[in-house]
Amino acid sequence: FANLMDVSFADVISKCMSLGIMVSINQRLEADVIELVASEFNYEVEFIDVDTHNEIDEEEEEENEEDLVPRAPIVTIMGHVDHGKTSLLDYIRHANVIAGEAGGITQHIGAYEVQVKNGRTITFLDTPGHEAFTAMRARGAKVTDIAVIVIAADDAVMPQTKEAISHAQAADVPMVFALNKMDKEGANPEKIKEQLAAMNILVEDWGGKYQSQEISAKKGVNVDELLDKVLLESDLLELKANPKRPASGSVIEASLDKGRGYVATILVQNGTLNQGDLLVSGQHYGRIKAMFNERNQRISSAPPSTPVLVLGLNGAPQAGETFKVFEDESEAKDTANRRAQILREQGIRAKKHITLDEIGRRLALGNFKQLNLLIRADVDGSVEALSDSLQKLSTEEIAVSIVHQGVGQITETDVMLATASDAVIIGFNVRPSLQASKIAEHEGVEIKTYSIIYDAIDEVKSAMEGMLEPKI
Ligand code: GDP
């Protein structure tokens with residue numbers, strides 16, 4: 001770093017110290033520290049490959065318009081437990097086997113493709129629920145284009161329904177609502193729509209923008225209509241990809257199989273994946289020996305939005321890790337090895353997330369515009385009071401955004417959402433579960449708990465004014 005700027009090590013170290021950051025000569029600096037120090041020396045920093053994930057987003061921008069073709073939407077089904085997510089996935093899997101094909105979908109590989117009307121296809125992620133969705137997002141993957149939120153019409157909008165909605169919103173993923181169990185006595189879809197409206201979610205027949213469809217997942221009633229609405233939503237998104245380029249995408253799941261070695265289900269999001277391609281995901285790489293679809297048929301190439309099971313990697317990448325095809329073998333190896341080295345050095349420590357203490361420093365960098373908070377409290381009244389007061393702290397410089405709020409203990413899922421959204425968790429009269437604390441520590445997510453509402457508000461306010469002293 002010092003060499004690049006043509007200054008001495010000592011200058012960099014003393015600059016760091018003057019900023020309150022104690023460093024030694026062979027220490028890796030965090031990205032924002034590098035930016036800050038560089039700006040002190042009048043340099044601007046451009047990061048090329050700063051972390052251990054592949055960077056697929058940036059490359060998408062380089063795409064040539066004429067190479068782009070429409071691609072199928074990738075859909076995740078979310079909702080409260082027992083509201084019918086699995087039943088819906090199962091129904092769609094069985095009902096929409098490609099015409100004339102015997103056997104249908106024979107294996108669960110984590111995602112499947114179905115053919116719907118007019119030869120169009122939809123790709124479903126086969127792990128329902130917002131937990132999996134957000135865990136993948138926290139690893140860097142953006143794999144869902146549309147979320148179907150299932151709500152049992154004989155029940156109500158439940159805590160996990162609200163979570164699912166918050167998680168989809170935090171990811172900026174459009175939602176289509178499936179009001180399920182319409183075959184049941186006591187199904188009351190109007191009540192559900194009213195409850196959604198109370199959360200500021202207006203469905204179309206209430207004059208809002210969200211599509212909803214009454215269905216019975218068990219009997220398969222109106223599921224086609226639901227899929228039509230998913231396609232409509234997909235049309236609005238104008239999803240496109242370039243099948244001509246080398247493939248990139250995300251890992252859905254991976255494991256070690258006794259007979260076959262490392263097996264990974266991956267979702268091709270851009271480009272076309274071919275047998276024999278050299279693939280790198282995180283610290284793992286390998287040439288694709290064979291590829292299979294969810295019907296256990298061997299395939300030789302996979303265009304965008306296709307889930308495939310691949311053999312040939314030298315390890316099992318994490319779910320949500322992105323992947324990229326490389327042309328050059330030594331470059332692929334170097335990339336994977338360099339990531340492995342960084343991971344070893346960091347002790348698999350994840351990227352550090354925002355903390356209240358840190359806000360001052362990020363403000364000084366001038367690129368901090370939004371403070372994301374996740375609120376948990378013991379009773380509904382406190383949740384509302386905290387949420388209102390904290391949102392009111394928004395200024396012209398920083399907007400306070402509540403990514404999720406809820407009653408009860410701070411959960412693992414909350415921590416994953418905070419990880420994916422770079423949020424601080426604020427707890428009032430509640431504590432994190434043991435597992436949540438562990439993950440928070442591992443992911444570098446801050447959990448602040450309070451027993452006086454005023455203290456919480458005051459502390460966030462001071463942080464936003466850059467008044468909290470950074471802890472070193
Ligand atoms: P999940 O926890 O959201 O995945 O819910 P499941 O799909 O496992 O469904 C929970 C229960 O509701 C099961 O007993 C299903 O048979 C039942 N169920 C799901 N959809 C329907 C439906 O449309 N009508 C009726 N009557 N029962 C349903």
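From a predicted model like this one, the values you see are computed outputs, not experimental measurements. Numbering of ligands and ligand atoms starts at 1, following listing order.
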Report yes if the distance between the aromatic ring centroids of Tyr450 and Phe428 is under 6.0 Å, otherwise no.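 Tyr450 vs Phe428: aromatic centres not under 6.0 Å.
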
Using a strict cut-off of less than 4.0 Å between a Lys/Arg side-chain nitrogen and an Asp/Glu carboxylate oxygen, indicate whether [X] and [Y] qualify as a salt bridge.
X	Y	answer
Asp414	Arg376	yes
Lys193	Glu214	yes
Asp183	Lys218	no
Glu459	Lys448	yes
Arg120	Asp235	yes

Run the numbers on Asp90 and Arg93 for salt bridge (Lys or Arg N to Asp or Glu O under 4.0 Å), then give the verdict. CA-CA 5 Å; Asp90 284 348; Arg93 181 183 304 133; 3.0 Å; yes

Under-4.0 Å heavy-atom contact between protein and atom 23 (O) of ligand 1: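 So far as the 4.0 Å threshold goes, atom 23 (O) of ligand 1 is in reach of a protein heavy atom.
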
Tell me: protein heavy atom nearest [atom], and distance?
atom	answer
atom 26 (N) of ligand 1	Asp183 OD2, 2.9 Å
atom 12 (O) of ligand 1	Lys181 NZ, 3.0 Å
atom 20 (N) of ligand 1	Asn180 ND2, 3.1 Å
atom 4 (O) of ligand 1	Thr86 OG1, 2.5 Å
atom 27 (N) of ligand 1	Lys218 CD, 3.5 Å

Quick one: which of Val268, Thr123, Leu267 gives a side-chain contact (heavy atoms from CB on, under 4.5 Å) with Ser305? Thr123

When you compare the side chains of Gln370 and Asn372, does any donor N or O come within less than 3.5 Å of an acceptor on the partner? yes

Sub-4.0 Å atoms of ligand 1 with respect to non-hydrogen atoms of [X]:
X	result
Ser216	22 (C), 23 (O), 24 (N)
Ser87	6 (P), 7 (O), 9 (O), 15 (C), 19 (C), 20 (N)
His80	3 (O)
Val81	2 (O)

Looking only at N/O atoms, are Ile215 and ligand 1 under 3.5 Å apart anywhere? no

For Gly84, is at least one N or O under 3.5 Å away from an N or O on ligand 1?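 Indeed, backbone or side chain, Gly84 has an N or O that close.
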
Between Lys438 and Glu441, does a salt bridge (Lys or Arg N to Asp or Glu O under 4.0 Å) hold up when you go through it step by step? CA-CA 5 Å; Lys438 269 194 203 150; Glu441 194 180 342; over 6 Å; no

Heavy-atom distances under 4.0 Å are what count here, so tell me which part of [X] touches ligand 1: side chain, backbone, both or neither.
X	value
Asp82	both
Lys219	neither
Lys85	both

